[in-house]
Amino acid sequence: SYNEFKAYILIFAAESNQVITKEEKEFIEAQFDALIIKTIQKEINRDNDFQRIQKIMAYIEQNNLSKPDLDELLKEINTVYQSDGKFDSVEQGIFQFLEKLFKV
């Protein structure tokens with residue numbers, strides 16, 4: 001579902017620098033119920049980086065997400081990154097990569 005995809009990509013973003021801060025976790029928990037977070041967290045932990053990117057690209061393609069949909073996702077990803085007051089170089093790199101990936 002779109003909600004699960006959104007949870008997947010936000011958790012992926014939060015974990016991109018290997019540390020989920022309290023603020024990032026709280027932001028994600030405020031948007032999704034605990035079962036979705038737990039399920040998606042298990043899936044992300046099983047996937048390697050290549051599989052994660054493949055799943056993101058496949059979902060976007062299979063569901064024909066529009067530019068406004070992708071722009072909104074980027075805003076939310078940016079909010080996750082900014083939630084702890086730090087936007088480190090790893091997070092910036094992943095964000096730039098996702099911006100390029102979302103250019104449909």
Side-chain angles (χ1 to χ4, degrees):
S1 73
Y2 180 77
N3 204 36
E4 290 170 330
F5 170 72
K6 187 173 158 184
Y8 188 94
I9 203 159
L10 292 181
I11 293 169
F12 165 79
E15 287 190 347
S16 62
N17 64 349
Q18 311 300 314
V19 178
I20 297 183
T21 65
K22 180 177 173 248
E23 295 86 357
E24 289 170 340
K25 187 175 182 191
E26 287 172 355
F27 177 82
I28 292 168
E29 288 174 345
Q31 295 194 42
F32 306 100
D33 69 64
L35 182 59
I36 286 179
I37 292 171
K38 186 176 180 182
T39 303
I40 297 300
Q41 189 69 59
K42 281 183 184 175
E43 184 176 348
I44 284 180
N45 290 342
R46 279 193 310 265
D47 295 345
N48 63 38
D49 286 340
F50 179 77
Q51 291 168 316
R52 292 172 184 172
I53 298 303
Q54 291 299 312
K55 284 183 179 182
I56 291 167
M57 289 178 9
Y59 185 90
I60 290 169
E61 190 175 306
Q62 290 166 2
N63 293 280
N64 295 318
L65 294 186
S66 67
K67 175 139 178 50
D69 292 335
L70 295 172
D71 288 346
E72 185 60 34
L73 273 173
L74 283 172
K75 279 184 197 168
E76 292 195 49
I77 292 165
N78 191 40
T79 303
V80 168
Y81 284 144
Q82 302 289 342
S83 67
D84 61 1
K86 294 182 234 101
F87 191 29
D88 67 38
S89 60
V90 174
E91 291 173 335
Q92 290 174 29
I94 296 293
F95 188 75
Q96 289 170 349
F97 173 77
L98 290 172
E99 282 181 315
K100 288 178 184 157
L101 190 68
F102 286 10
K103 296 249 188 282
V104 289

J.: Between atom NZ of Lys22 and atom CD of Glu26, what is the distance when rounded to the nearest 0.5 Å?
T.: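 Output value for this atom pair is 4.5 Å.
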J.: With sequence neighbours left out, what residues match Tyr81 under ring pair (Phe, Tyr, Trp, His ring centres under 6.0 Å)?
T.: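 So Tyr81 forms a ring pair (Phe, Tyr, Trp, His ring centres under 6.0 Å) with Phe87.
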J.: Listed by chain and number, what are the salt bridge (charged side-chain N to carboxylate O under 4.0 Å, His left out) partners of Glu4, not counting sequence neighbours?
T.: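 Partners of Glu4 by the salt bridge (charged side-chain N to carboxylate O under 4.0 Å, His left out) criterion come out as none, since no residue qualifies.
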J.: List the residues meeting salt bridge (charged side-chain N to carboxylate O under 4.0 Å, His left out) with Asp71, not counting sequence neighbours, and say none if there are none.
T.: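 For Asp71 the salt bridge (charged side-chain N to carboxylate O under 4.0 Å, His left out) partners, ignoring immediate neighbours, are Lys67.
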J.: Looking at CG of Leu73 and CD1 of Ile56, how far apart are the two atoms once the value is rounded to the nearest 0.5 Å?
T.: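 Spacing of CG (Leu73) from CD1 (Ile56) equals 9.5 Å.
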J.: Can you measure from CZ (Phe27) to CG (Asp84) and round to the nearest 0.5 angstrom?
T.: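 Those atoms lie 12.0 Å apart.
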J.: Considering the options Lys38, Gln51, Lys55, which one meets the side chain to side chain donor-acceptor pair (under 3.5 Å) requirement together with Glu43?
T.: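 It is Lys55; the other options fail the test.
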J.: Are Lys75 and Asn78 close enough that some pair of their side-chain heavy atoms sits under 4.5 Å apart?
T.: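 The answer is no, as the side chains (C-beta and beyond) never meet within the 4.5 Å cut-off.
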J.: What residues, two or more places apart in sequence or in another chain, satisfy salt bridge (charged side-chain N to carboxylate O under 4.0 Å, His left out) together with Glu29?
T.: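 Applying salt bridge (charged side-chain N to carboxylate O under 4.0 Å, His left out) to Glu29 gives Lys25.
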J.: Starting at CD1 of Ile36, measure out to NZ of Lys6 and round the result to the nearest 0.5 Å.
T.: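 Spacing of CD1 (Ile36) from NZ (Lys6) equals 10.5 Å.
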J.: Answer yes or no: is there a donor N or O on one side and an acceptor on the other, between the side chain of Asn48 and the main chain of Phe50, under 3.5 Å?
T.: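 Side chain of Asn48 to backbone of Phe50: a pair is present.
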J.: Does Asp69 use its side chain to pair, donor to acceptor, with the backbone of Leu65 at less than 3.5 Å?
T.: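 Here the side-chain-to-backbone pair does not exist.
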J.: Can a donor-acceptor pair be found, under 3.5 Å and without considering hydrogens, that links the side chain of Asn45 to the backbone of Gln41?
T.: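 A pair under 3.5 Å: yes.
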J.: Just how far is it from atom CD1 of Ile28 to atom CD of Glu76, taken to the nearest 0.5 Å?
T.: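 If we round to the nearest 0.5 Å, Ile28:CD1 and Glu76:CD are 10.5 Å apart.
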J.: Sequence neighbours left out, what passes ring pair (Phe, Tyr, Trp, His ring centres under 6.0 Å) with Tyr8? Give chain and number order.
T.: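 Scan of Tyr8 (ring pair (Phe, Tyr, Trp, His ring centres under 6.0 Å), adjacent residues dropped) gives none.
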J.: Should Asp88 and Lys86 count as side-chain neighbours, where that means a heavy-atom distance under 4.5 Å?
T.: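 In short, these two side chains do not touch, never coming nearer than 4.5 Å.
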J.: Can you give me the closest heavy-atom contact between Ala13 and Ile77, atom names plus distance?
T.: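 Taking every non-hydrogen atom into account, CB-CG2, 3.7 Å.
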J.: Using the rule side-chain contact (heavy atoms from CB on, under 4.5 Å), only one of Leu10, Ile20, Ile94 pairs with Glu15; which is it?
T.: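 Looking at Leu10, Ile20, Ile94, the match for Glu15 under the side-chain contact (heavy atoms from CB on, under 4.5 Å) is Ile20.
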J.: Just verifying a value: how many Å separate Leu101 CG and Ile60 CD1, rounded to the nearest 0.5 Å?
T.: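 Between Leu101 CG and Ile60 CD1, I get 5.0 Å after rounding to 0.5 Å.
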J.: With a 4.5 Å cut-off on side-chain heavy atoms, are Ile53 and Phe12 touching?
T.: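 Phe12 reaches Ile53 side chain to side chain.
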J.: Which pairs count as side-chain hydrogen bond (donor to acceptor under 3.5 Å, both in side chains) when at least one residue sits in residues 90-99, sequence neighbours excluded?
T.: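 Qualifying pairs: Asn17-Glu91.
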